[in-house]
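Just follow the structure's listing: the first ligand is 1, and inside any ligand the first atom is 1.
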Amino acid sequence: MENVSVLQRVVKAPALPDFVTSRVDKFHNKRVAIDWGGRHILRGRTPTSRDLVLQSNDYLAIAGHPAIVEAQRDALASGGLGMMMSALFMQDAQAPLHRVEAELARAVGTETGILAQSGYAANVGLIQSIAGERVPVYIDMLAHASLWEGIRSSGATAVPVMHNDLAHLERQVLRHGPGVIVVDSVYSTNGSLAPLQGIADIAAIHGCVLVVDESHSLGTHGVRGEGLVASLGLQDRVHFITASLAKAYCSRAGFIACTTRFKDYFGCEALPAIFSSSLLDYELAGMSASHRVIQTEGWRRTRLRQVTRHVRGELTRLGFPIGDGTEQIIAFEAGVEILTGKVRDILEGYGVFGSVFSAPATTASRSLLRLTLNAGMSDSDVTRLVDACSRARDELNLPAWSASRRAARRSEPELESVA
Ligand SMILES: Cc1ncc(COP(=O)(O)O)c(C=O)c1O
């Protein structure tokens, strides 16, 4: 009893020095008070069961699927936490970790694969192990932050490439020489597709390593969810596929598809693989069950595609500037953060909840509200979403959005040729 009361007592923390307090103060006094108009931008209304929440990356709506829950429960019941240690020590080829890695690798058509603790850890570890100091890494401006962090921590040179601009990519490669090209297959902020065929051509012609992050296409794209690289037949030209499994796989892990020789090297080279513990057996059992559901329940991909096509068509007809993307992620790019906060509040007023993406997830002038569609949306959910957007349209002031202004600039031929 005495121990409990000691634990419950809140002890005042020691004062922080200025170099920390000045940063915390700047966040509260500038970002929250001025840039966000006095309210934390990520705190809107709390949704109720009557609202339509389009925030989860569970694109195929498999959370709670009985086969997945049962696999996790069975693994836990049979002592399934596994060993608390780095994957590095797990050298038994028959260990659950390696069996699930082999399953995923077979699906994307590569020799083997590596499971990491998260997509973030997979990307940081991969870039650390392929790009050393002074190696140019050609990275799409909208590529995920974990890839940028991999470049920073490896000491390599980040060479930014304009989003999906093949001509700019080739110019940069010609200027800086062979290096690593890094792209997302489907971009997480606006749902745009990378022109993978053209990127693979440039990588092959100029002797570059090609890394494709398939976080938003693994499971959702391809006949059996094998992703875009495999479904486009590009496995022989893409050196590494990476993915977060916290999207369509509805798990907590990251994946890298690679060769066996590389996998052995990675385990002794990538810092997140060496110095952070591996996945637990019940998580692996859940992943393997998710994989089977994803491969066999193709109707989920068909439904996701139907919903995406319909919602994108209707929103475009209503004049929403969403033409940067084509896939299941839809960006309402209002621009400055305070405007995005207003867009969020208005839509929440109509019962639709998205996620605010602001700096550092976007630039401060291109913040956006992200809506993620999923296969579990019923026809009436889809109708509610379109109706809400239609009713909110005038309040949302679409012409003021940065996406509208950019689209207008693109449609002016003289300006386009000057740029
Ligand atoms: C493209 C992309 N790569 C990597 C990640 C990181 O994945 P995780 O959440 O598994 O760390 C994300 C998640 O936001 C992502 O969108």
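Taking distance alone, with nitrogen or oxygen atoms compared against 3.5 Å, Ser146 stays at or beyond that limit from ligand 1. For a threshold of 3.5 Å applied to N or O pairs, the pair formed by Gly119 and ligand 1 contains at least one separation below that value. At least one N/O-N/O distance between Ser215 and ligand 1 falls below 3.5 Å.
Closest to atom 14 (O) of ligand 1, if we only count protein heavy atoms, is Lys247 NZ, 2.9 Å. In terms of protein heavy atoms, atom 16 (O) of ligand 1 is closest to His216 NE2, 2.7 Å. Among protein heavy atoms, atom 9 (O) of ligand 1 sits closest to Ser244 OG, 3.9 Å. Atom 11 (O) of ligand 1 has its closest protein heavy atom at Tyr120 N, 2.9 Å. Of the protein's non-hydrogen atoms, the one nearest atom 3 (N) of ligand 1 is Asp213 OD2, 2.7 Å. Looking from atom 15 (C) of ligand 1 to the surrounding protein, the closest heavy atom is His144 CD2, 3.2 Å.
Within ligand 1, counting atoms from 1 as listed, the ones closer than 4.0 Å to a heavy atom of Ser188 are 16 (O).
For the salt bridge (Lys or Arg N to Asp or Glu O under 4.0 Å) with Asp345, the lone residue among Arg39, Arg43, Arg45 that qualifies is Arg39.
Between Trp401 and Phe332, the ring planes lie tilted relative to each other; the angle falls in the 30° to 60° range.
Around CZ of Arg309, the count of heavy atoms belonging to other residues, nucleotides or ligands within 6.0 Å does not exceed 12.
Between Glu333 and Arg406 a salt bridge is recorded (basic side-chain N to carboxylate O distance below 4.0 Å). Using a cutoff of 4.0 Å between basic side-chain nitrogens and carboxylate oxygens, Arg317 and Glu314 are scored as salt-bridged.
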**Q.** side chain to side chain contact (heavy atoms under 4.5 Å, CB included) between Cys258 and Phe266, intermediate numbers included
**A.** CA-CA 10 Å; Cys258 61; Phe266 179 91; over 6 Å; no
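With a 4.0 Å heavy-atom cut-off, ligand 1 is reached by no atom of Arg252. Contacts between Asn123 and ligand 1 below 4.0 angstrom, taking non-hydrogen atoms only, involve the side chain exclusively.
For Phe262 and His239, the distance between ring centers is not under 6.0 angstrom.
Partners of Ser22 by side-chain hydrogen bond (donor to acceptor under 3.5 Å, both in side chains), not counting sequence neighbours: none found.
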